[in-house]
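To start, the structure under review is shown below, and the notes come after it.
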Amino acid sequence: MGGFSEMSHGMKNHNFLRRLGYALAGIKTSWRTERTFRTLSLGMAFILAVLVATRPAPIWWAALLLTAGSVVALELINTAVEKLIDHVHPDQHEIVGIVKDTLAGAVLTMSVTSLLVFAAFFVSLIS
């Protein structure tokens, strides 16, 4: 894990391409290890395909990509915090459970919001 240790120290002083590489490594790790992240990412790809196919007004592009991107970003945050908690506090604890449940609640809330925005978009297509 020597490479990981190097990457976590002084990241703010690294150039943009190196920081971008770290971010992409985090996304790759989440893709490889988290089924929920893969599912949500595929959902975002589906939304992008629907947007390309229907070519709606720019406001729909913004609304749908912002909500779908927020779901994926929240899942990345959820994964990062869960991994950190599991490393620092591997034993079950009430507070750990509350933190994990709250993070899952944030992902669920944004997922439902994204689905509602997609439903509004779909209604706008058929009306």
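Sequence positions, counted from 1, serve as the residue numbers for this chain.
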Would F46 end up clustered with L48 when hydrophobic side chains under 4.5 Å apart are linked, directly or stepwise? yes

For the student: nearest non-hydrogen atoms of S30 and T79, plus distance: OG-CG2, 3.9 Å

Can you list every side chain to side chain donor-acceptor pair (under 3.5 Å) pair that touches residues 36-52, not counting sequence neighbours? none

Please state whether the rings of F37 and W31 are parallel, tilted or perpendicular, taking 30° and 60° as the class boundaries. perpendicular

Does some side-chain heavy atom of W61 sit less than 4.5 Å from a side-chain heavy atom of V52? yes

Rounded distance (nearest 0.5 Å) linking atom CG of L51 with atom CZ of R55: 12.0 Å

Check against side chain to side chain contact (heavy atoms under 4.5 Å, CB included), V50 and L64: CA-CA 10 Å; V50 168; L64 288 166; over 6 Å; no

Would you check, one step at a time, whether the test side chain to side chain contact (heavy atoms under 4.5 Å, CB included) holds for D86 with K100? CA-CA 10 Å; D86 290 344; K100 288 183 173 186; 2.5 Å; yes

Working for side chain to side chain contact (heavy atoms under 4.5 Å, CB included), residues N78 and E34: CA-CA 11 Å; N78 181 43; E34 300 294 324; over 6 Å; no

Considering residues, nucleotides and ligands other than I59, do more than 12 of their heavy atoms fall under 6.0 Å from its CD1? no

Mind checking whether H89 and I95 have side chains closer than 4.5 Å, heavy atoms only? no

Please answer: with hydrophobic residues joined when any side-chain heavy atoms are less than 4.5 Å apart, are V107 and L42 in the same cluster? yes

In this structure, would L84 and L76 fall into the same cluster of hydrophobic residues linked by side-chain contacts under 4.5 Å? no

Quick check for you: to the nearest 0.5 Å, what is the distance between I77 atom CD1 and E75 atom CD? 10.0 Å

The remaining residues in the hydrophobic cluster of V123, counting side-chain heavy-atom contacts under 4.5 Å among Ile, Leu, Val, Met, Phe, Trp and Tyr, are none

In short, M44 meets A68 closest at the heavy-atom pair CG-CB, 3.9 Å

Verify same cluster id: F118, L65 (apolar side-chain graph, 4.5 Å): yes

Supply the atom-to-atom distance D101 CG to L108 CG, rounded to the nearest 0.5 angstrom. 11.5 Å

Please assess T54 against W60 for the test side chain to side chain contact (heavy atoms under 4.5 Å, CB included), listing each intermediate value before the final yes or no. CA-CA 10 Å; T54 59; W60 283 116; over 6 Å; no

Joint cluster assignment, L24 & Y22, ILVMFWY side-chain distance < 4.5 Å: no

Shortest non-hydrogen separation from L66 to S70 and the atoms involved: O-OG, 2.7 Å

Minimum-distance pair of heavy atoms, taken over all atoms of L40 and S111: CD2-OG, 4.2 Å

What I'd like to find out is whether the side chain of L116 reaches to under 4.5 Å of the side chain of V112, using heavy atoms alone. yes

Residues that T67 engages under side-chain hydrogen bond (donor to acceptor under 3.5 Å, both in side chains), provided they are two or more places apart: S114

